[in-house]
A.B. asks: 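Once you've had a glance at the structure underneath, I'll fire off some questions.
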There are 2 protein chains.
Amino acid sequence: MKLPSRTEELILLAVWRLEENAYGITIRRYLKEEAGIDYSIGGIYVPLERLVSKGMLSSRQGDPTPARGGMSKRYFQLTAEGVAVLRDIRALTNRLWDNLPDIVFHN
Amino acid sequence: MKLPSRTEELILLAVWRLEENAYGITIRRYLKEEAGIDYSIGGIYVPLERLVSKGMLSSRQGDPTPARGGMSKRYFQLTAEGVAVLRDIRALTNRLWDNLPDIVFHN
DNA sequence: ACTATTTATTCTAAAATAAAGAAAAAATGA
DNA sequence: TCATTTTTTCTTTATTTTAGAATAAATAGT
């Protein structure tokens with residue numbers, strides 16, 4: 001099985017959630033606002049590139065918009081592979097949690 | 001919030017599950033058999049040491065046993081901090097999954 | 001007693017990932 | 001034109017993962 005790193009998982013989930021509007025800046029903002037994690041710029045773009053090269057995301061260049069500023073947006077989408085990886089890691093952690101005994105520690 | 005890496009999370013869950021019998025070899029075997037992930041030797045011992053130094057695990061040296069072979073076992077236990085980290089990451093991923101829209105991709 | 005075998009940890013090097021943020025690109029508004 | 005805004009690209013350093021050799025310690029068999 002193919003495990004995504006923590007950051008990869010969170011970015012994949014952000015892309016899924018953001019649907020048609022997933023690009024570097026919105027992904028970074030989502031993870032800040034919804035997950036409470038403040039990634040640096042590189043902390044988003046570097047793994048995004050890796051996820052594309054690994055086939056978990058695809059990307060397309062956005063058209064220019066009436067809004068001010070910026071290089072043209074690069075939008076990301078989950079691939080079938082990306083969805084499968086997310087479902088697998090989810091299933092795995094669910095299973096491991098189900099395996100846990102109730103009593104936890106005794107210090 | 002303090003996010004564990006993927007490997008750290010899996011090792012913490014293994015320690016929780018193994019209760020009084022969590023040491024390098026049993027942790028490695030558990031992750032192979034129950035999670036299907038075949039870690040190298042260093043892939044277990046290196047993060048174990050880091051988890052202790054970060055306060056998520058504590059350890060104690062095992063007594064010699066009647067069984068054959070081996071250096072004396074080093075048993076690991078979750079600390080309160082380790083449990084909190086696990087619960088936090090679990091809550092976060094649950095929340096992000098709950099946020100997802102139904103429709104997934106359109107390639 | 002010696003040697004092979006077993007079980008376990010420690011150590012070390014290389015590859016991959018994460019973290020941080022400067023630099024560049026591209027567009028608008030004044 | 002140039003200051004400002006939004007966005008991506010690039011680069012460097014730190015941390016984590018991967019891989020497995022080396023070491024340690026105990027027993028079993030001869």
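Residue numbers begin at 1 in each chain, while the letters A, B, ... track the order of the sequences.
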A.B. asks: Find the distance A:I11:CD1 to C:dT17:P and express it as a whole number of Å.
C.D. replies: 12 Å
A.B. asks: Between A:D38 and B:F76, which is nearer to the 5' end of DNA chain C once each is assigned its nearest nucleotide?
C.D. replies: B:F76
A.B. asks: Sequence neighbours left out, what pairs pass side chain to side chain donor-acceptor pair (under 3.5 Å) with at least one residue falling in residues 31-40 of chain B?
C.D. replies: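 Sorted pair list comes back empty.
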A.B. asks: In this structure, how many angstroms lie between the P atom of D:dT11 and the CD atom of A:E49, rounded?
C.D. replies: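 It is 14 Å, rounded to the nearest whole Å.
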A.B. asks: Rounded to the nearest 0.5 Å, how far does CD1 of B:I44 lie from CD1 of B:I11?
C.D. replies: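 Taking CD1 in B:I11 and CD1 in B:I44, the distance rounds to 4.5 Å.
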A.B. asks: Could I get the full list of side-chain hydrogen bond (donor to acceptor under 3.5 Å, both in side chains) partners for B:R28, not counting sequence neighbours?
C.D. replies: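 Per chain and number, B:R28 pairs via side-chain hydrogen bond (donor to acceptor under 3.5 Å, both in side chains) with no residue.
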A.B. asks: Between A:L51 (CG) and C:dA18 (C1'), how many Å, whole number?
C.D. replies: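 The distance from CG of A:L51 to C1' of C:dA18 comes to 13 Å, rounded to the nearest Å.
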A.B. asks: Taking CG from A:L10 and C1' from C:dT17, how many angstroms apart are they, rounded to a whole number?
C.D. replies: 14 Å
A.B. asks: For B:R95, check side-chain hydrogen bond (donor to acceptor under 3.5 Å, both in side chains) against everything at least two apart and list the hits.
C.D. replies: none
A.B. asks: Applying side-chain hydrogen bond (donor to acceptor under 3.5 Å, both in side chains), can you list everything that pairs with B:R29, at least two apart in sequence or on another chain?
C.D. replies: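 In terms of side-chain hydrogen bond (donor to acceptor under 3.5 Å, both in side chains), with neighbours along the sequence ignored, B:R29 is linked to no residue.
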A.B. asks: Apply salt bridge (charged side-chain N to carboxylate O under 4.0 Å, His left out) to A:R50 and list each qualifying residue two or more places apart in sequence or on a separate chain.
C.D. replies: A:E8
A.B. asks: What pairs with B:S59 under side-chain hydrogen bond (donor to acceptor under 3.5 Å, both in side chains), at least two apart in sequence or on another chain?
C.D. replies: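 Result, side-chain hydrogen bond (donor to acceptor under 3.5 Å, both in side chains) vs B:S59: B:R74.
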A.B. asks: What nucleotide among D:dT7, D:dT9, D:dA19 has an atom nearest to a side-chain atom of B:S40?
C.D. replies: D:dA19
A.B. asks: For a quick test of reading the model, state the closest non-hydrogen atom pair linking A:L48 to A:L57 and the distance between them.
C.D. replies: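 Minimum heavy-atom separation between A:L48 and A:L57: CD2-CD1, 3.6 Å.
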A.B. asks: Hey, what are the protein-to-nucleotides 13-17 of chain D N/O distances that come in under 3.5 Å?
C.D. replies:
from: D:dT16; atom 1: OP1; to: B:K54; atom 2: NZ; distance (Å): 3.0
from: D:dT17; atom 1: OP1; to: B:S5; atom 2: OG; distance (Å): 2.6
from: D:dT17; atom 1: OP1; to: B:T7; atom 2: OG1; distance (Å): 3.2
from: D:dT17; atom 1: OP2; to: B:R50; atom 2: NH2; distance (Å): 2.2

A.B. asks: Got a sec, which residues hit side-chain contact (heavy atoms from CB on, under 4.5 Å) with A:N21, two or more places apart in sequence or on another chain?
C.D. replies: A:Y23, A:T26, A:Y75
A.B. asks: Please write out the pairs of protein N or O atoms and N or O atoms of nucleotides 24-26 of chain C separated by less than 3.5 Å, giving the distance to one decimal.
C.D. replies:
from: C:dA26; atom 1: N3; to: A:G70; atom 2: N; distance (Å): 3.0

A.B. asks: Check side-chain contact (heavy atoms from CB on, under 4.5 Å) between B:M71 and all other residues, then give those that pass, not counting sequence neighbours.
C.D. replies: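 side-chain contact (heavy atoms from CB on, under 4.5 Å) list for B:M71, sorted by chain: empty.
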A.B. asks: Only counting residues at least two apart or in another chain, list the ones meeting side-chain contact (heavy atoms from CB on, under 4.5 Å) with B:D88.
C.D. replies: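 Partners of B:D88 under the side-chain contact (heavy atoms from CB on, under 4.5 Å) test: B:M1.
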A.B. asks: Can you tell me how far P of D:dT7 sits from CG of A:D63, to the nearest Å?
C.D. replies: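 Answer to the nearest Å: 15 Å.
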A.B. asks: Expected output is a numbered-order residue list: members of residues 21-35 of chain A with a heavy atom under 4.0 Å from any atom of DNA chain C. What is it?
C.D. replies: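 Hits under 4.0 Å, by residue number: none.
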A.B. asks: When the distance from NZ of A:K73 to C1' of D:dT9 is rounded to whole Å, what number comes out?
C.D. replies: 17 Å
A.B. asks: Could you tell me how far apart B:I41 (CD1) and D:dA24 (C1') are, to the nearest whole angstrom?
C.D. replies: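 Computing the B:I41:CD1 to D:dA24:C1' distance gives 13 Å.
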A.B. asks: For B:Q61 and D:dA24, what is the distance between atoms CD and P respectively, to the nearest whole Å?
C.D. replies: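 Between P of D:dA24 and CD of B:Q61: 15 Å.
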